[in-house]
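The block underneath contains the structure these notes are about, expressed in structure tokens.
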Amino acid sequence: MYIFRQSRYVALLIGAILVSLGAICLLQQNLGKERTGNRNLSAMPVNPETKLIISAPPLQQHHAISIQGERLGKPILPNLTTLEIKIQQTDFGISRSEHNELLAEQIWLRKQALEPKITEPAPPDKNHPPDQLFFTRTKLLNHEEKEDATWSYALGEEELLLLQKIVMAEAEGEPYEGKVAVANVVLNRLRSANYPDTIKEVIYQKSQFSPVRNGRLKRVSPNEDTIHAVNEALNGRREVSDDTYYFLSLKLAKDLTIARTKDKAKVIGNHTFYK
């Protein structure tokens with residue numbers, strides 16, 4: 001009987017030990033699974049540009065946080081991932097058609113921002129000289145007609161001043177229209193194949209303009225009226241026709257060969273213009 005009692009106590013003790021060992025094994029297995037899950041989560045690559053959108057409960061302000069826990073200021077971003085688009089549709093109650101319209105508008109705005117804006121150049125101010133002159137075989141063109149030009153001429157500062165000075169020297173006391181007409185004659189000669197190819201050579205051609213011979217060309221300074229008249233002539237204003245190449249003052253001229261051999265075109269002030 002005594003031996004039987006001792007055996008029963010030993011059996012109970014062994015059973016308690018076995019239950020404890022089983023509990024310890026189960027606990028170790030659970031801890032191992034948690035550690036493995038944490039390692040897998042930490043090893044998962046995180047894209048810093050991909051943000052998880054989490055909405056607050058109804059009647060509360062919607063907000064977004066990233067996986068790292070950073071709070072974002074705007075509920076809708078200009079650059080959205082596919083995950084963000086799906087979550088936003090759920091969070092904010094945006095239908096698929098409304099979302100497509102919003103996305104199309106964003107794409108259009110981005111294209112407008114990236115595309116260079118092409119603006120038509122403004123036409124030249126007729127109160128200022130152009131940088132380029134345009135001609136056909138028979139006439140000087142204005143800016144609007146330049147597409148019809150057969151050749152062009154680059155106008156430099158030196159030749160611009162020289163043109164202003166010859167007009168001042170020849171037509172200082174003449175009407176404004178007479179100043180424009182003198183400039184027209186110089187430009188007509190520049191265009192013509194019968195005269196030199198530059199404004200300077202046209203003005204300095206031998207025995208053509210009396211202020212060159214008597215030195216007046218070097219002494220004058222163009223006034224405001226003359227500068228404005230030259231600018232208008234360069235921009236296409238005509239007081240005489242494109243085939244007018246001569247002018248003279250019948251009162252002052254010593255040689256009247258032009259008056260006797262050429263066709264009179266127009267009289268402006270003291271100057272008579274000839275073709």
Side-chain angles (χ1 to χ4, degrees), residues 124 126 129-172 174-214 216-217 220 222 226-250 252-275:
K126 293 186 177 181
D131 297 327
Q132 201 89 358
L133 302 179
F134 299 95
F135 296 94
T136 65
R137 190 176 60 85
T138 58
K139 67 178 182 178
L140 169 68
L141 304 178
N142 57 36
H143 178 78
E144 290 76 14
E145 300 169 326
K146 67 179 183 179
E147 298 298 330
D148 300 325
T150 56
W151 64 284
S152 62
Y153 183 85
L155 180 64
E157 292 292 332
E158 180 183 355
E159 289 195 317
L160 174 61
L161 178 59
L162 191 58
L163 180 59
Q164 293 169 349
K165 292 184 72 171
I166 193 63
V167 172
M168 180 69 180
E170 289 280 13
E172 182 176 3
E174 297 298 314
Y176 182 84
E177 292 78 6
K179 294 178 174 63
V180 175
V182 170
N184 290 153
V185 168
V186 176
L187 295 174
N188 288 346
R189 290 190 177 195
L190 174 66
R191 174 193 52 75
S192 173
N194 298 322
Y195 292 90
D197 296 331
T198 67
I199 291 176
K200 183 177 181 179
E201 290 174 343
V202 166
I203 293 173
Y204 280 102
Q205 188 177 14
K206 186 177 180 180
S207 302
Q208 296 301 307
F209 295 96
S210 58
V212 176
R213 295 195 305 269
N214 61 31
R216 176 171 165 77
L217 179 65
V220 298
T226 299
I227 293 173
H228 190 266
V230 169
N231 289 343
E232 283 209 281
L234 289 169
N235 282 292
R237 175 170 174 173
R238 297 178 181 86
E239 290 297 332
V240 293
S241 60
D242 292 286
D243 57 351
T244 302
Y245 301 108
Y246 313 96
F247 65 91
L248 57 82
S249 173
L250 295 178
L252 300 177
K254 296 179 181 180
D255 184 357
L256 298 178
T257 302
I258 296 297
R260 291 193 297 266
T261 59
K262 302 299 180 181
D263 296 329
K264 184 168 68 174
K266 192 174 186 179
V267 176
I268 304 176
N270 294 312
H271 283 154
T272 304
F273 294 83
Y274 298 89
K275 297 181 179 180

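Residue numbers count from 1 along this sequence.
No side-chain heavy atom of P130 sits under 4.5 Å from any side-chain heavy atom of N231. Residues V167 and I227 form no side-chain contact, since every pair of their non-hydrogen atoms from C-beta on lies 4.5 Å or further apart. T226 places none of its side-chain heavy atoms less than 4.5 Å from the side chain of V220. In this structure, the side chains of E174 and N270 come closer than 4.5 Å at one or more pairs of heavy atoms. Contact of the K165 side chain with the L161 side chain is registered, since non-hydrogen atoms from C-beta on lie closer than 4.5 Å. Between E172 and R216 the shortest side-chain heavy-atom distance falls below 4.5 Å. The closest side-chain heavy-atom distance from T272 to F247 is not below 4.5 Å. Counting only heavy atoms from C-beta outward, the side chains of T136 and L141 approach each other to under 4.5 Å.
The backbone N or O of G156 sits nowhere less than 3.5 Å from a side-chain atom of E159 that would complete a donor-acceptor pair. With R191 contributing its side chain and D242 its backbone, the two residues share a donor-acceptor pair below 3.5 Å.
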Next on the checklist: Between Y195 and Y245, is the ring-ring contact (aromatic ring centres under 6.0 Å, His included) condition met? List the steps.
Outcome noted: CA-CA 10 Å; Y195 292 90; Y245 301 108; 5.8 Å; yes
Checklist entry - How far apart are the C-alpha atoms of V267 and F273, what are their side-chain angles, what is the distance that settles it, and do they pass the side-chain contact (heavy atoms from CB on, under 4.5 Å) test? => result CA-CA 6 Å; V267 176; F273 294 83; over 6 Å; no
Next on the checklist: Determine whether K146 and E144 satisfy the following criterion, salt bridge (charged side-chain N to carboxylate O under 4.0 Å, His left out), listing intermediate values before the conclusion.
Outcome noted: CA-CA 6 Å; K146 67 179 183 179; E144 290 76 14; over 6 Å; no
Item to check | Step-by-step side-chain contact (heavy atoms from CB on, under 4.5 Å) determination, H143 to N235 | outcome: CA-CA 7 Å; H143 178 78; N235 282 292; 5.9 Å; no
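Here the closest heavy-atom approach between residue P211 and residue E170 is recorded as CD-OE2, 3.1 Å. Minimum interatomic distance between F209 and I203 (heavy atoms only, all atoms of both residues): CD1-O, 3.5 Å. Taking every heavy atom of both residues into account, D243 and N188 meet most closely at N-ND2, 4.3 Å. In terms of heavy-atom proximity, K275 sits nearest to A265 at CG-CB, 3.9 Å. The shortest non-hydrogen separation linking L234 to L155 is CD1-CD2, 3.7 Å. Between L187 and A233 the shortest heavy-atom distance is CD1-O, 3.8 Å.
In summary, the side chains of Y246 and Q208 do not present any donor paired with an acceptor at a separation below 3.5 Å, with no hydrogens or angles considered. A donor and an acceptor atom, one from each side chain of Q132 and S152, are located under 3.5 Å apart.
A distance of 15.0 Å separates CD1 in I258 from NZ in K264, rounded to the nearest 0.5 Å. For the atom pair CG (L163) and CE (M168), the distance works out to 13.5 Å, reported to the nearest 0.5 Å. For the atom pair CG of N142 and CG of L133, the computed distance is 11.5 Å after rounding to the nearest 0.5 Å. Summarising the geometry, atom OG belonging to S210 is positioned 11.5 Å from atom CG belonging to D255; distances are rounded to the nearest 0.5 Å. Distance check, rounded to the nearest 0.5 Å: CG of L162 to CD1 of I199 gives 8.0 Å.
In this structure, Y153 has its ring center no closer than 6.0 Å to that of F134. The aromatic ring centres of H228 and Y176 sit less than 6.0 Å apart.
Among the candidates D263, T244, L248, the single residue satisfying the side chain to side chain contact (heavy atoms under 4.5 Å, CB included) test with Y274 is L248.
Note on E177 versus K179: no salt bridge recorded, every NZ/NE/NH1/NH2 to OD/OE distance being 4.0 Å or above.
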